[in-house]
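This report concerns only the one structure given below.
Position 1 is the first residue of the sequence, and the numbers go up from there. Every heavy atom of this structure was used, including side-chain atoms; hydrogens, water molecules and symmetry mates were not.
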Amino acid sequence: MDSIAGRANGETVYRILSQSLTVDWRDYVVLVADRLDGNPYAVLAAIILSQNTSDRNSIRAYHELRRLLGGRVTPEAVLAVHEEKLIEAIRPAGLARQKARTLREAAKRIIEAGGEKVLLEKPPEELRSFLLSIPGVGKKTADVFLSFKRRAPVFAVDTHALRVAKRWRLVGSQAGYDEASRALLEFFGPERSEEAHRLIIALGRQYCRARNPRCSECPLHGICPYPAQQGPEAER
């Protein structure tokens, strides 16, 4: 399989992307939550809100959630408000009832475990298991938190990252989350994984789109193996 790894290493690809793409913190709900509040539960809440929706929608929901909670997102504040009010506040993010339950369950378990400090002090592998035990928290949610807030050696995979990993031929067309996560982590290295994740999101939004990708304008056009494969066979 002719992959991008045969044409450039992860450090080179990272450098090209970081020099070519603009990452504005106001466009990423995780960065918004970290900039406005900074506490670990707020970041986790933002990631939960981002599930199965765009950053634009989840950012709107996060701002509404902050207003409802009096300006700061904490587990105690989430449990103190009526669930229906919570649902209404986060409605812009979609799946509001489901996400409200996840936010409340996460808040409850974090408080029972000793408070937000557990999110900063538990060893990464133990914390991942703890997060995955919360109903509504999946691998991507856990890995985004671990990568961003703990700088753990994991690579979170969203729809953009999975699409890019396949087009770069780092994984096969039938690869799932775990395979793509391992391949991207190995390619970029753990020291660049968090920033690389966000750069891939920016790449997916601006150039490597699911439909009508802008390959000829892409900063990786000269080294990406995908452009030559465009057409009916491209995704196979």
Side-chain angles (χ1 to χ4, degrees), residues 10 14 17-18 21-59 61-63 65-66 72-75 78 90 93 99 102-103 106-107 109-110 113 115-134 136-162 164-165 177-178 180-205:
Y14 176 85
L17 293 179
S18 61
L21 300 171
T22 300
V23 174
D24 188 329
W25 69 269
R26 292 167 295 187
D27 295 332
Y28 298 82
V29 68
V30 174
L31 299 183
V32 169
D34 194 58
R35 184 72 66 96
L36 295 181
D37 291 318
N39 56 305
Y41 178 78
V43 172
L44 179 61
I47 301 167
I48 291 168
L49 292 177
S50 74
Q51 295 171 351
N52 300 301
T53 192
S54 66
D55 269 295
R56 179 178 297 179
N57 291 338
S58 51
I59 288 169
Y62 188 79
H63 284 304
L65 178 61
R66 289 187 85 241
R72 187 169 173 78
V73 178
T74 67
V78 163
I90 66 173
K99 291 179 181 179
T102 302
L103 290 172
R109 295 195 185 197
I110 288 166
E116 290 187 78
K117 65 181 182 180
V118 304
L119 298 176
L120 299 177
E121 296 177 358
K122 267 186 180 292
E125 288 188 8
E126 290 183 23
L127 180 56
R128 192 173 194 266
S129 296
F130 173 77
L131 292 173
L132 291 175
S133 74
I134 301 170
V137 172
K139 294 176 181 178
K140 191 202 84 169
T141 297
D143 286 347
V144 170
F145 183 86
L146 286 165
S147 177
F148 179 76
K149 206 64 180 174
R150 297 293 303 274
R151 294 287 170 168
V154 297
F155 204 107
V157 175
D158 63 357
T159 55
H160 294 295
L162 185 58
V164 168
Y177 186 98
D178 292 336
S181 178
R182 287 192 297 269
L184 287 165
L185 181 64
E186 181 180 352
F187 181 65
F188 283 110
E191 70 278 9
R192 288 181 287 269
S193 63
E194 200 278 323
E195 290 83 0
H197 166 75
R198 200 155 7 262
L199 287 169
I200 284 180
I201 293 174
L203 181 72
R205 288 174 175 173

To the nearest 0.5 Å, what is the distance between OH on Tyr28 and CG on Asp55?
7.5 Å
I'd like to check Val137 versus Phe145 (side-chain heavy atoms, cut-off strictly below 4.5 Å). Are they in contact?
no
Should the ring pair Phe155 and Phe188 be called parallel, tilted or perpendicular, given that the plane angle runs from 0 to 90° and is split at 30 and 60?
parallel
Any donor-acceptor N/O pair, Lys99 side chain to Leu49 backbone, under 3.5 Å:
yes
Distance-only, no hydrogens or angles: does the Tyr62 side chain make a donor-acceptor pair with backbone N or O of Ala45 under 3.5 Å?
no
Test your reading of the model: is there a side-chain donor-acceptor pair from Ser181 to the backbone of Asp178, 3.5 Å cut-off?
no
Should Val78 and Pro75 count as side-chain neighbours, where that means a heavy-atom distance under 4.5 Å?
no
Distance check, rounded to the nearest 0.5 Å: Arg198 atom CZ versus Ile200 atom CD1?
12.0 Å
Checking Arg72 side chain against Asp37 main chain: does a donor-acceptor pair fall under 3.5 Å?
yes
Should Leu44 and Leu131 be marked as a side chain to side chain contact (heavy atoms under 4.5 Å, CB included) after you check the CA-CA gap, both sets of side-chain angles, and the distance that decides it?
CA-CA 10 Å; Leu44 179 61; Leu131 292 173; 4.0 Å; yes
Rounded to the nearest 0.5 Å, how far does NZ of Lys140 lie from OG of Ser50?
4.0 Å
Check whether any side-chain heavy atom of Val23 lies under 4.5 Å from a side-chain heavy atom of Glu195, and answer yes or no.
no
Could you check whether any side-chain heavy atom of Val154 comes within less than 4.5 Å of a side-chain heavy atom of Leu185, counting everything from C-beta outward?
no
Which atom pair, heavy atoms only, marks the closest approach of Pro40 to Leu120?
CG-CG, 4.0 Å
Pairwise distance CD1(Ile134) to CD1(Ile110) - rounded to 0.5 angstrom
5.5 Å
Atom CG of Leu146 and atom CZ of Arg128: how far apart are they, to the nearest 0.5 Å?
7.0 Å
Give me the atom names and distance for the closest heavy-atom approach of Ala180 to Ala165.
CB-CB, 4.4 Å
Run the numbers on Ser129 and Lys122 for side chain to side chain contact (heavy atoms under 4.5 Å, CB included), then give the verdict.
CA-CA 10 Å; Ser129 296; Lys122 267 186 180 292; over 6 Å; no
Under a 4.5 Å cut-off applied to non-hydrogen side-chain atoms, are Asp143 and Val157 in contact?
no
Give the intermediate values and the outcome of salt bridge (Lys or Arg N to Asp or Glu O under 4.0 Å) for residues Arg150 and Glu121.
CA-CA 9 Å; Arg150 297 293 303 274; Glu121 296 177 358; over 6 Å; no
Just do the side chain to side chain contact (heavy atoms under 4.5 Å, CB included) check on Leu184 and Ser193 with the steps written out, would you?
CA-CA 8 Å; Leu184 287 165; Ser193 63; over 6 Å; no
Counting C-beta onward and ignoring hydrogens, is there a side-chain heavy-atom pair between Ser54 and Arg205 closer than 4.5 Å?
no
Other residues, nucleotides and ligands only: do more than 12 of their heavy atoms fall within 6.0 Å of CZ on Arg151?
yes
Are any side-chain N or O atoms of Gln51 and backbone N or O atoms of Gly136, one a donor and one an acceptor, separated by less than 3.5 Å?
yes
Indicate yes or no for a side-chain donor-acceptor contact from Lys149 to the backbone of Asp34 under 3.5 Å, with no hydrogens or angles considered.
no
Let me confirm one number: the OG1-CD1 distance from Thr141 to Ile48, rounded to the nearest 0.5 Å.
6.5 Å
Minimum heavy-atom separation for Arg66 to Leu36, with atom names?
NH2-O, 3.8 Å
Is the number of heavy atoms from other residues, nucleotides or ligands under 6.0 Å of Glu191 CD greater than 12?
yes
Might you work through the side chain to side chain contact (heavy atoms under 4.5 Å, CB included) test for Val32 and His63, ending with a clear yes or no?
CA-CA 9 Å; Val32 169; His63 284 304; 4.2 Å; yes
